[in-house]
Amino acid sequence: MTTDRLGVYIHIPFCASKCYYCDFCSTAAAKREKIDAYVYALLCEIREFAKAQKEKRWVDTLYFGGGTPTLLSLENFADILSCANDCFELLRDAEITAEANPKTADFEKLSGMRALGINRLSIGMQSVHDGELKALGRIHKFKDFEDFYADARRAGFDNISVDLMYGIPEQTMESFEASLDVLTALSPEHISSYCLKIEEGTRFYQKRETLILPDEDAVCDMYERMSDILGKSGYTKYEISNFAKHGRESRHNTKYWTCDEYIGFGSGAHSFVSGKRFANSRDIDAYIETDGAGTREGEEVISPSVAENEYIMLGMRLVRGVDIPKYEARFGKSFEEQFGKKLKKFCPEFVILSENNCKFTDKGMLVSNYILAQILDFS
Ligand code: SF4
C-alpha cells in the first residue's frame with residue numbers, strides 16, 4: 001500500500017552550457033523555439049497521462065528538475081502549472097519546487113515564478129570559490145550566486161535549498177570549510193551535498209587521467225567535517241546527503257526514499273506508479289517529435305520481493321531509517337521475524353533497532369552497503 005498522494009516530476013533538459021562533470025539528461029544552448037516545442041510536448045504528455053487515470057490524482061509535490069528549469073519563460077511555467085492544475089487535484093499546500101541556476105533568471109522572472117505558486121527553489125551553488133566553479137565548468141561566479149540568492153529572497157522565496165559539491169579537483173579541506181562557512185551564514189533552509197563522481201560521457205571522464213582529485217580519505221574527512229559544521233549550524237542531516245532546518249526537509253525527494261508514488265514527465269524522466277517503474281527516453285528530439293508519446297522505455301513490474309528490498313535499501317538512506325509499522329502495513333510481515341535475527345549482530349554499533357524504527361548509526365552509514373547485502377535476500 002502506498003499513500004494516495006502523487007508526486008509529479010517535470011524534467012527540463014536545457015542548460016546554458018554543459019558542466020564538465022554532468023551526465024544528466026540536458027543539452028546546452030537550445031533555441032527558444034525548441035524550448036517552447038518541448039513544453040508543448042510536455043503538456044501533451046501530462047494530459048495523456050491524466051486521461052488514462054480513472055479519477056484525478058491528488059498531488060502534494062511538484063518538482064521542476066533539470067537541466068535548468070529557470071531557462072523556461074514565465075509563460076512556459078504558467079502553461080505547465082495551469083495544465084497540472086487541470087489534470088490533477090493539486091493540493092493548496094503542495095510543495096512546488098524549481099531547480100535554478102545563477103545567471104538564468106532575473107528578479108522579475110523569480111518574482112513571476114513565485115506569483116505563479118512556485119514556493120521552493122533549489123539553487124546550484126556548488127562552491128564559493130571562483131577557481132573551483134571554473135574547474136567544474138560552471139557558468140557562474142560566486143558573486144552571481146550571491147546576487148541570485150538575494151533576488152530570490154526579495155522575490156519572496158522563504159524556502160531555498162542550495163547544492164554544494166565536494167571532491168572537486170584541487171579542493172582542500174580549508175577551501176571546503178570556507179564554502180560551508182559562507183553558505184551557513186546565508187542560512188538557506190536546506191542544503192544538498194554532492195560528492196563529485198567522474199561519469200562516462202562527461203568532459204571530466206575524457207581527461208580523468210590528468211585530474212587532480214582529493215583522495216578517498218580526504219573526501220570522507222570532508223563529509224564528516226560537513227556533517228559536523230552543518231549540525232552545529234542548525235541543520236539536521238535527514239538523509240545521507242541532505243540537511244535541513246526544522247520542518248524544511250524536501251517533501252518531494254523524501255517520496256523517493258519512502259517508495260511513494262511519483263510520475264515523471266519529459267525526456268529522461270523516471271516514474272514509479274501502480275507498482276511499475278518506467279522511464280522516458282533521453283532523446284529530446286524524439287520526445288518533441290512525438291508530442292511526448294512513444295518514448296517510454298523498459299517498463300518493469302516490481303515484484304513483492306524487489307519492492308521489499310527497495311523499501312529497506314531506500315528507507316535506510318534516511319537518518320530516521322525504516323518506519324517499522326509502515327513496513328508491516330505495506331508488506332503484511334513482521335519486521336522482527338524478517339530481519340530481527342540478522343540485524344542483531346550489527347546492533348548497537350552499526351544499527352539501532354527500536355520498536356518503531358530501524359536505522360544506521362553514523363558508523364553504520366559508512367558500511368551500509370555491506371550490512372544491507374547481509375540482511376536482504378537478492379535471490
Ligand atoms: S547546470 Fe546542472 S544539469 Fe546543467 S549541465 Fe550543469 S550540472 Fe548539468
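All ligand and atom numbering here is 1-based and tracks the order in the structure.
- Residue contacts with ligand 1: E99 is excluded, as none of its non-hydrogen atoms falls under 4.0 Å.
- Inspection of the E95 and Y63 side chains reveals no N or O donor paired with an N or O acceptor under 3.5 Å.
- Under 2.8 Å from atom 8 (Fe) of ligand 1, one finds the following protein N/O/S atoms: C22 SG.
- Ligand 1 places these atoms under 4.0 Å from at least one heavy atom of N101: 1 (S).
- Here the protein heavy atom with the shortest distance to atom 2 (Fe) of ligand 1 is R138 NH1, 4.0 Å.
- The cationic group of R57 does not satisfy the cation-pi geometry with F88, failing either the under 6.0 Å distance to the six-membered ring centre or the 45° limit from the ring axis.
- Judged by distance alone, with hydrogens and angles left aside, the side-chain atoms of H140 form a donor-acceptor pair with the main-chain N or O of M125 at under 3.5 Å.
- Judged as a salt bridge (charged side-chain N to carboxylate O under 4.0 Å, His left out), not a single pair has a partner in residues 207-218 (not counting sequence neighbours).
- No donor-acceptor contact under 3.5 angstrom links the side chains of S82 and N85, judged on distance only.
- No donor-acceptor pair under 3.5 Å is formed between the side chain of D151 and the backbone N or O of D106.
- Defined by atom type and a distance below 3.5 Å, a donor-acceptor pair is missing between the side-chain atoms of R317 and N242.
- Within the 3.5 Å criterion, the main-chain N or O of C44 finds no donor-acceptor partner in the side chain of E48.
- Counting heavy atoms closer than 4.0 Å to ligand 1, residue S17 contributes backbone atoms (N, CA, C, O) but none from C-beta onward.
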